[in-house]
Enquirer: 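Got a structure for you, questions after.
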Amino acid sequence: MMAARAVEPAIVAELSARIDLIDARADHSRPNDLASELESIRRLAHANGIQPAVTVIHAIDSALARGEHRAMIHGWLSILRDAVGCDRRDADADAAFAAACIVRYGG
């Protein structure tokens with residue numbers, strides 16, 4: 001099994017800044033706007049091998065489809081921020097973030 005390559009700190013910083021911007025505007029944003037901004041984060045995360053973030057964004061997309069947005073989205077963005085900042089890029093890390101999303105959905 002090949003080790004995952006390290007993600008450039010500048011990419012992590014950019015993704016984190018984008019998440020912070022979404023978080024700051026979440027209370028006043030429409031779900032479609034949130035989804036569009038998250039899609040750009042998903043593409044960048046995917047291109048850089050940050051699969052846990054991709055997994056979390058899929059869960060956020062589902063939350064938006066269920067009608068969660070505005071103040072309810074902050075918890076989801078917190079999980080996403082953790083996924084972006086996580087140093088691990090393996091299947092176990094991905095599964096852990098998927099489980100966190102399931103707990104968030106149930107909670």
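FYI, the numbering just counts along the sequence from 1.
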Enquirer: Where do A83 and I50 come nearest, in terms of heavy atoms and distance?
Expert: O-CG2, 3.9 Å

Enquirer: Quick one: which of R25, R18, R42, R30 gives a salt bridge (Lys or Arg N to Asp or Glu O under 4.0 Å) with E37?
Expert: R25

Enquirer: With a 4.5 Å heavy-atom cut-off, do R104 and I79 have their side chains touching?
Expert: yes

Enquirer: Taking the side chain as everything from C-beta on, heavy atoms only, tell me whether R81 gets closer than 4.5 Å to D23.
Expert: yes

Enquirer: Flag yes if I41 and L44 sit in one hydrophobic cluster, no otherwise; membership is Ile, Leu, Val, Met, Phe, Trp, Tyr, and two members link when side-chain heavy atoms are under 4.5 Å apart.
Expert: yes

Enquirer: Below 4.5 Å, heavy atoms only, C-beta onward: do I22 and S29 meet side chain to side chain?
Expert: no

Enquirer: Minimum heavy-atom separation for L34 and A26, please, with both atom names.
Expert: CD2-CA, 4.3 Å

Enquirer: If every non-hydrogen atom of N48 is compared with every non-hydrogen atom of V7, which pair is closest and at what distance?
Expert: O-CG2, 3.4 Å

Enquirer: Between D27 and H74, does a side-chain contact (heavy atoms from CB on, under 4.5 Å) hold up when you go through it step by step?
Expert: CA-CA 9 Å; D27 293 344; H74 297 294; 2.7 Å; yes

Enquirer: Do the non-hydrogen side-chain atoms of C101 and T55 ever get within less than 4.5 Å of each other?
Expert: no

Enquirer: How many angstroms lie between atom CD of E14 and atom OG of S40, to the nearest 0.5 angstrom?
Expert: 8.5 Å

Enquirer: Heavy atoms only: give me the nearest A53-L80 pair and the separation to one decimal.
Expert: O-CD1, 3.7 Å

Enquirer: May I ask you to say whether R88 pairs ionically with D94, meaning some side-chain N is under 4.0 Å from a carboxylate O?
Expert: no

Enquirer: Side chains of I73 and L38, heavy atoms from C-beta outward: is any pair under 4.5 Å?
Expert: no

Enquirer: Looking only at heavy atoms, what is the nearest atom pair of V84 and S16, with distance?
Expert: CG1-OG, 4.0 Å

Enquirer: Any heavy-atom pair between the side chains of S62 and H58 that's under 4.5 Å?
Expert: no

Enquirer: V54 and W76: same hydrophobic cluster, using ILVMFWY side-chain contacts below 4.5 Å?
Expert: no

